[in-house]
Structures are given as C-alpha cells and as structure tokens.
Asker: 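Take a look at the following structure, please.
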Amino acid sequence: MRHTISVLVENKFGVLSRVAGLFSGRGYNIESLSVGETLDPKISAMTIVTTGEEQVIEQITKQLNKLIDVIKVQDLFEVDHVEREMVLMKVSPRQEHKAEVLRLAEIFRGRVVDSSPKTYTIEITGDEKKLEAFIELMKPMGVKEFVRSGKIAIAREMSKNK
Amino acid sequence: MKVSGSEILIESLKKEGVKHIFGYPGGVVLNIFDYLYGDKDIKLFLTRHEQGATHAADGYARSTGHVGVALVTSGPGATNTVTGLATAAMDSIPIVVITGQVATSLIGNDAFQEADIVGITRPCTKYNYLVKDVHDLAYIVKEAFYIASSGRPGPVVIDLPKDVTAVQAKFNWPEKIDVRSYNPTMEGNRWMIEKAARKIEKSRKPIIIAGGGVIGSGASPELLELAEFTRIPVTTTLMGIGGFPSTHALSLGMPGMHGTYYANMSIQDSDLIIAVGMRFDDRVTGKLDAFAPNAEIIHIDIDPTSIRKNVDVAIPIVGDCKKVLAVLNQVLKEGEMLQWAEIRKAWLKQIDEWKKLRPLSYTFDENVIKPQYVVERLYALTGGDAIITTEVGQNQMWAAQFFKYDKPRTFLSSGGLGTMGYGFPAAIGAQVAHPDKTVIDIAGDGSIQMNIQELATAVLYELPVKVAILNNQYLGMVRQWQELFYGERYSHSHLKGVPDFVKVAEAYGAVGLRATKPSEVDAVIKEALKIKKTVFMDFVIDWKEKVYPMVPAGAPIDQMLFEEAPKKEDKKLKAVK
Ligand SMILES: Cc1ncc(C[n+]2csc(CCOP(=O)(O)OP(=O)(O)O)c2C)c(N)n1
Ligand SMILES: [Mg+2]
C-alpha cells in the first residue's frame with residue numbers, strides 16, 4: 001500500500017540525511033520526499049510518500065519517531081487530507097499544436113510561466129491523478145522535459161480518522 | 001571569565017561524573033589533551049588502538065551502567081571507532097565518543113585527516129553532533145550523556161573541530177535540558193499491563209524470555225519477583241545473561257541457536273511468552289514461521305520499533321522493563337489468589353524431564369583439554385565471583401553455556417554485532433571500573449589477535465585482567481559450520497601461524513601460562529588468579545570440539561543437533577601443538 005507520511009522535524013543541519021539514511025539503511029521504499037520550513041522556522045515539515053505492507057509501514061512510522069530530531073509523525077493514510085504536487089514542464093509544440101497546448105494548460109488550471117519563440121514553460125499543481133493525466137496528454141505535443149516537486153500534504157482541519 | 005573550548009569540554013565531562021576516559025591523541029585533539037595534562041579528577045587510559053578505546057568504554061559502561069567515554073583524533077582515529085560504535089549500538093550500550101575534527105574553516109576541503117565522521121557514524125550511533133559553535137558545547141555534552149543513557153541506550157558521537165577546542169567562551173553548565181523531540185516512554189500502559197496479568201493468570205505453560213533490556217534497566221529484582229511469584233521459568237538471551245540467576249531452579253539457560261534443549265523445547269511448547277527487553281533476533285527465534293506455534297506473546301520493551309518487528313504480539317507494552325515489571329507484579333499480587341505452585345506443577349515437571357533428558361553436556365577427556373572443562377573450572381575456581389567478557393565464536397558460546405552468572409553486568413559479550421576483538425579491551429574497561437574484581441576474557445585464538453596490542457594498555461596501567469584463550473588453532477566457529485554444512489571443506493579457517501601466546505604476553509611484560517593437558521588446567525587458573533598482573537592463559541584445547549546443541553541456521557529451534565556419542569578413534573586425537 002502507498003502511504004503519505006507527514007513528519008515534523010527539528011530544522012537542524014543533517015536531519016534530511018538522517019531521514020533519508022533511515023529509508024536506505026533499512027531498505028524501505030521512498031517514492032518522494034519534500035521538505036520545507038513551517039510557521040515556526042525551527043521546525044521543518046517533510047512529506048514522504050512510501051509503499052509497503054502494513055507491518056513495514058508500521059515500522060517506518062515507528063523508526064521515524066525514534067529519530068531524535070523527529071517531533072511528530074502522522075500517517076495521512078489514516079486521516080482526511082489534502083495532497084498537492086507541482087510540475088514544471090517545458091514543451092516545444094509544432095505550430096499546429098500550440099493552441100492545443102495552451103488550451104490543455106488552461107483546462108488543467110496551469111499557467112505559462114515562461115515562453116520563448118519555441119518553448120513554453122508550464123506550471124501546474126494538483127493531486128497526482130491530475131498531474132499524471134496532464135503529462136500523458138501533453139506527451140504527444142513535444143514535451144522536452146519536466147520536473148516534479150514531490151508531494152506535499154496536510155491533514156484537513158476537521159479531519160476525522162478514516 | 002572566559003575559558004577555552006577544551007576546558008569547557010573536560011569540565012562538562014566532570015559535571016557528568018566522568019572519572020575515566022579511554023583515548024588516543026592526535027593533531028586536532030592536542031588542545032584537549034593539553035588541558036588533561038596533569039588533571040587530577042579525570043584519568044585517561046591510553047589504549048593502543050582507537051577500537052580498543054571504544055570497546056573499553058563499552059566494557060566500562062556494561063559493567064557499571066554508567067556512560068563510558070572515549071576520546072580520539074580526527075580522520076583515522078575517528079574511523080577506528082566505527083566498529084566499537086556499531087557494537088555498542090547493536091547492544092544498546094551507553095557510550096559517548098568524542099572525536100576531533102579539522103578546523104571548521106577547513107571542513108569539506110578534504111583537509112589532512114578529515115573524515116565526515118558525523119556522516120560515517122550516523123547509522124551506527126543513537127545520535128551524533130558536529131559542534132560548530134563553542135557556546136553550544138556544554139549543552140551538547142549534557143544532551144549527549146542524556147541521550148546515550150536514557151530510553152533505549154546507545155552510543156553518541158561528539159565531533160569537535162580543532163578551533164572550537166581553542167576558542168574562548170564562558171562556561172555555562174545547563175542544569176536542565178529539554179529535548180522536545182525525544183521523550184522515551186517509561187511507564188507502561190496500565191490497561192495493557194492488566195491485560196497481561198490476566199493472560200498470565202490463565203496461562204498453563206508460560207515462559208519468560210529475558211534480554212538485555214532487563215540488565216539495561218536494572219530490572220533483575222522485579223524479574224526475579226515475577227518468576228518466583230508466578231513460578232514461571234526464565235530463559236535469558238545472550239544479552240540477558242546475568243539478568244536472572246543462572247543457578248536458579250527456574251532458570252532455563254539460553255535459548256536459540258546454541259541454546260539449551262529445555263529452553264528451546266519450552267518455548268516451542270509454551271502457550272504464553274513474556275518477552276522482556278529482548279527483540280526476537282533470528283539467533284533466538286530460528287525459523288520464524290515455526291517459532292512458538294502455540295504461544296501468545298506479551299512483549300515489554302522500551303523501544304516501540306522492537307515490538308511487532310519480527311513476531312506478532314498479542315499484548316505490546318512500551319516502557320521501561322523495571323517500571324513495567326514492578327506494576328505487573330503489583331497487579332498480579334492484587335489479583336485473584338491463585339495456587340501458583342499447584343498450577344505450575346505439570347509444566348515445571350515437563351520442563352524438568354527435558355532438563356534430565358538432555359542437559360548441557362560434553363564428553364570429558366583425560367588426554368586433551370575440552371574447552372567446556374576450562375570454562376567449568378574457571379567458574380569453580382572463581383566461585384562465580386568474576387566479570388566475564390568474551391570474544392566471538394565458539395569461545396563465546398562456551399562462556400555463555402558453562403559459566404554460571406547470578407548477577408547482572410557480569411557477562412559482557414558482543415551479541416548483536418558479534419565483534420571479534422571485543423572481549424579483551426572490554427575486560428580492560430571493566431577492570432578500570434572494578435579494580436578489585438576478577439575480570440576474565442574468555443577468548444579464541446583468532447579473536448584475541450584482533451586487539452592483542454591492548455596487552456600494553458593492561459600492563460602499563462597494572463590492570464590484572466586475565467585472558468583465557470581457548471586455543472584450537474582455528475576460527476573454530478567457522479570451522480564448525482564448514483564441517484557440518486560445507487562438506488568439511490575448511491576454506492581459510494585454519495589459523496596457521498598462531499603465535500606463542502605465552503611469549504607474546506611476556507614480550508609485553510605480562511605473564512603467560514599454558515596448559516596442554518586437563519590435569520594442568522586447575523594449576524594454571526589458580527596461578528593466574530593469584531597473580532595480581534595481566535595474565536594470558538593459553539589453553540591448548542581439542543580443536544575438533546564443536547558447540548552443541550546447535551540449531552542449523554533457518555531451522556525451527558526444536559530441531560537441534562547434539563554431540564554424537566564419542567567414537568573410539570576420537571579419543572586418540574591430540575590437540576595441535
Ligand atoms: C571482526 C569479525 N570478523 C569476522 C567474524 C566472523 N567470525 C565469527 S566467529 C569467527 C571465528 C573466531 O575464531 P576464534 O576467535 O579462534 O574463536 P573460536 O570459534 O575458535 O572459539 C569468525 C571469523 C566476526 N565475528 N568478527
Ligand atoms: Mg579458535
């Protein structure tokens with residue numbers, strides 16, 4: 001099963017490698033990991049997407065909790081939450097595809113954040129399904145490259161345990 | 001008043017009650033060593049290798065329960081501590097290792113003797129620090145000792161750049177610290193403990209498996225109380241040895257790969273396992289699917305990650321073993337009045353039959369020394385009043401099987417990592433902490449050569465450590481596997497060129513004694529115990545001897561191999577040498 005785990009950590013030097021090292025050292029999967037500061041600049045929030053059997057996920061959350069610098073671990077699988085990811089994509093469409101590219105970007109509520117005579121750079125955010133769909137639709141249009149931010153997630157304020 | 005970083009470091013160590021450090025100097029720690037020069041409160045023991053210093057700190061910690069401290073230089077000095085750190089990490093031993101580092105301005109430049117020791121040791125420490133600002137130093141020392149010794153203990157590294165040891169600052173010793181992200185659960189959940197008590201009351205064939213957590217948390221009295229009150233037999237893992245008296249009628253000795261027949265049979269037949277401070281290592285469980293098929297498990301451990309890692313657990317109790325057992329005992333005593341002795345009669349009778357059927361045994365021989373005999377004589381002639389350390393291999397298993405340990409912190413052995421070369425420096429550390437106790441390293445001829453240079457340390461500081469070398473001229477445990485499972489293809493396990501250990505000892509200024517016949521064993525041991533000096537006892541043993549019982553790797557623990565009946569021609573074989 002795939003789980004999104006939210007981890008609050010001390011914003012200290014080396015914390016990222018402690019977390020990454022835990023996953024590599026124990027052979028856990030890591031699909032994406034993103035980190036950023038929180039309201040309290042001394043605390044960072046990490047969003048980790050991982051897959052594993054129930055017992056493995058239990059070990060992952062326990063092992064994360066055991067790290068000295070980890071303040072809180074929440075497996076978002078168990079709660080209602082919002083997930084977002086961003087893609088930045090460069091497309092160089094042929095003349096006849098240009099309009100279609102812009103139309104698709106609009107449908108997916110993307111924005112053209114940079115353009116040159118041959119290339120558009122499109123920013124798009126959303127959940128994973130939306131981004132995958134967008135990428136699939138764009139592929140025939142001359143995608144040169146794209147980067148993905150990795151997922152960030154937050155529990156809903158009125159979240160009930162599922 | 002401002003003082004140097006070196007002074008802050010050493011004065012902080014004193015505030016933590018440190019009296020002994022094991023160490024080795026070098027360029028970037030010269031300031032620290034200079035401050036230690038002539039210091040009256042802290043004595044530094046100069047080992048002959050940083051691995052030795054780290055294991056000595058570990059032996060100091062295991063034998064006392066206090067944090068052991070090592071101090072080494074950067075680069076190679078620091079990397080030499082890695083085996084010692086990993087050893088301590090696997091066995092949850094509180095040590096603090098202070099490594100020098102190149103000056104902060106040079107870090108990352110591949111400077112002379114620079115190593116990213118925080119990076120290298122991250123997976124084999126509980127926590128580690130790079131001190132970038134001298135103003136953090138006192139706090140970091142305090143926090144390091146707190147983290148090393150609390151919760152599930154473990155090794156902590158403090159990496160200290162040279163400039164930080166020189167720069168001046170005010171020494172502010174924090175009286176209190178608070179690590180908001182680190183709060184080990186000490187008290188067990190009361191409701192869970194009550195559930196556990198009800199299970200124990202219903203169980204007819206319970207067994208306690210006690211591990212290193214019992215010793216780490218000082219839970220031996222509570223464990224004894226639980227076992228005696230409920231008449232539940234106790235098996236102690238390698239790490240738990242000494243946590244429950246081996247001579248007690250309820251003791252089943254060690255379980256697992258080289259465990260006793262009756263411990264393994266009892267586990268397999270049990271209906272309830274009370275696991276205290278142990279982690280279901282594969283050396284204990286054997287084939288997991290076939291482990292204790294009828295038992296429900298109550299698992300008490302301070303580390304939640306130990307619970308449900310390898311086996312399914314009916315009642316998990318996260319907490320300090322001592323505290324949890326104390327509450328459990330109280331709940332049991334307040335519970336239903338039960339005729340425990342009566343309830344347990346059938347089960348204990350069954351176990352007694354197993355004990356009689358296959359006790360731990362070996363075949364004594366008049367002509368060649370059996371290693372088990374040496375260990376038995378060590379026990380008899382010390383009256384069991386000794387701290388035993390071990391190396392790794394057959395020697396370790398015989399030391400676990402044939403010496404009896406009635407007190408915690410008297411059996412020091414590298415369980416999790418299985419580090420050859422651990423026992424001798426660990427014995428040095430234990431002897432420093434217990435100058436008046438008999439400390440004996442039960443060693444193999446291979447392992448002792450891994451840190452044999454520490455003879456100089458023992459002699460220099462007049463530490464009367466005894467080393468009993470069970471000399472089989474082989475990497476015996478490797479040989480045993482090759483004999484049993486690799487068609488007697490003895491690939492690189494014969495230790496050709498084992499030195500004359502008597503001469504080695506003498507060359508270092510220690511005493512060397514040798515026994516080649518069983519009749520000489522007692523005299524050698526008595527002599528060694530009498531001499532107040534470092535002694536190597538070279539016991540030339542039967543190189544064919546194997547450790548039994550044995551569960552082949554991956555087999556269920558009730559499928560054990562035993563010593564075959566001795567054949568006639570075996571008798572004639574003499575030990576090598
Ligand atoms: C540092 C290290 N290297 C290798 C091993 C693998 N190993 C386990 S037991 C053993 C043989 C030990 O030989 P010896 O010290 O003579 O003990 P014996 O088994 O003969 O009693 C070896 C090589 C180990 N445990 N530790
Ligand atoms: Mg040997």
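Sequence lines set the chain letters: A, B, ... in the order given, protein chains first and strands last, and positions in each chain run from 1. Side chains are part of it too, since the values below use all heavy atoms of this structure and drop only hydrogens, waters and symmetry mates.
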Asker: Identify the two heavy atoms, one from B:R122 and one from A:G14, that lie closest to each other, and give their separation to 0.1 Å.
Answerer: NE-O, 4.4 Å
Asker: For atom CD of A:E106, is the number of surrounding heavy atoms from other residues, nucleotides or ligands below 6.0 Å larger than 12?
Answerer: no
Asker: Can you name the closest pair of heavy atoms from B:T305 and A:Q59 and give their distance?
Answerer: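 Heavy-atom minimum between the residues: O-NE2, 2.8 Å.
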Asker: Surrounding NZ of A:K12 (heavy atoms of other residues, nucleotides or ligands, distance under 6.0 Å), is the total greater than 12?
Answerer: yes
Asker: Is it the case that over 12 heavy atoms from other parts of the model lie below 6.0 angstrom from the NZ atom of A:K90?
Answerer: no
Asker: What part of A:K72 gets within 4.5 angstrom of chain B, counting heavy atoms only: side chain, backbone, both, or neither?
Answerer: neither
Asker: Which atom names give the shortest non-hydrogen contact between B:I307 and A:K62, and what distance separates them?
Answerer: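 Looking at all heavy atoms of both residues, the shortest contact is O-NZ, 2.7 Å.
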Asker: Could you tell me which portion of B:R308 (side chain, backbone, both or neither) has an atom closer than 4.5 angstrom to a non-hydrogen atom of chain A?
Answerer: both
Asker: With a 4.5 angstrom heavy-atom cut-off, could you sort out which part of B:N183 is near chain A: side chain, backbone, both or neither?
Answerer: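 Nothing of B:N183, per the 4.5 Å heavy-atom cut-off to chain A.
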Asker: Can you establish whether the number of heavy atoms outside A:E53 located under 6.0 Å from its atom CD is more than 12?
Answerer: no
Asker: Please flag which part of A:E10 lies under 4.5 Å from any non-hydrogen atom of chain B: side chain, backbone, both or neither.
Answerer: side chain
Asker: Where does B:P304 contact chain A at under 4.5 Å (heavy atoms): side chain, backbone, both or neither?
Answerer: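 For B:P304, backbone and side chain are both near chain A.
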Asker: Measure B:K126 against the heavy atoms of chain A and call it side chain, backbone, both or neither at under 4.5 Å.
Answerer: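 Backbone plus side chain of B:K126, per the 4.5 Å heavy-atom cut-off to chain A.
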Asker: Take a 6.0 Å sphere around NZ of A:K130 and say whether it holds more than 12 heavy atoms from other residues, nucleotides or ligands.
Answerer: yes
Asker: Taking atom CD1 of A:I135 as the centre, does the number of heavy atoms from other residues, nucleotides or ligands within less than 6.0 Å exceed 12?
Answerer: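 Correct, the count exceeds 12.
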Asker: If I compare all heavy atoms of A:Q55 with all of B:K309, which pair ends up nearest, and what's the gap?
Answerer: NE2-O, 3.1 Å
Asker: Look at atom NZ of B:K323 and say whether more than 12 heavy atoms of other residues, nucleotides or ligands are closer to it than 6.0 Å.
Answerer: no
Asker: Let me confirm one number: the CD1-CZ distance from A:I43 to B:R180, rounded to the nearest 0.5 Å.
Answerer: 4.0 Å
Asker: At their closest point, which heavy atom of A:I71 faces which heavy atom of B:S181, and how far apart are they?
Answerer: CG1-CB, 3.7 Å
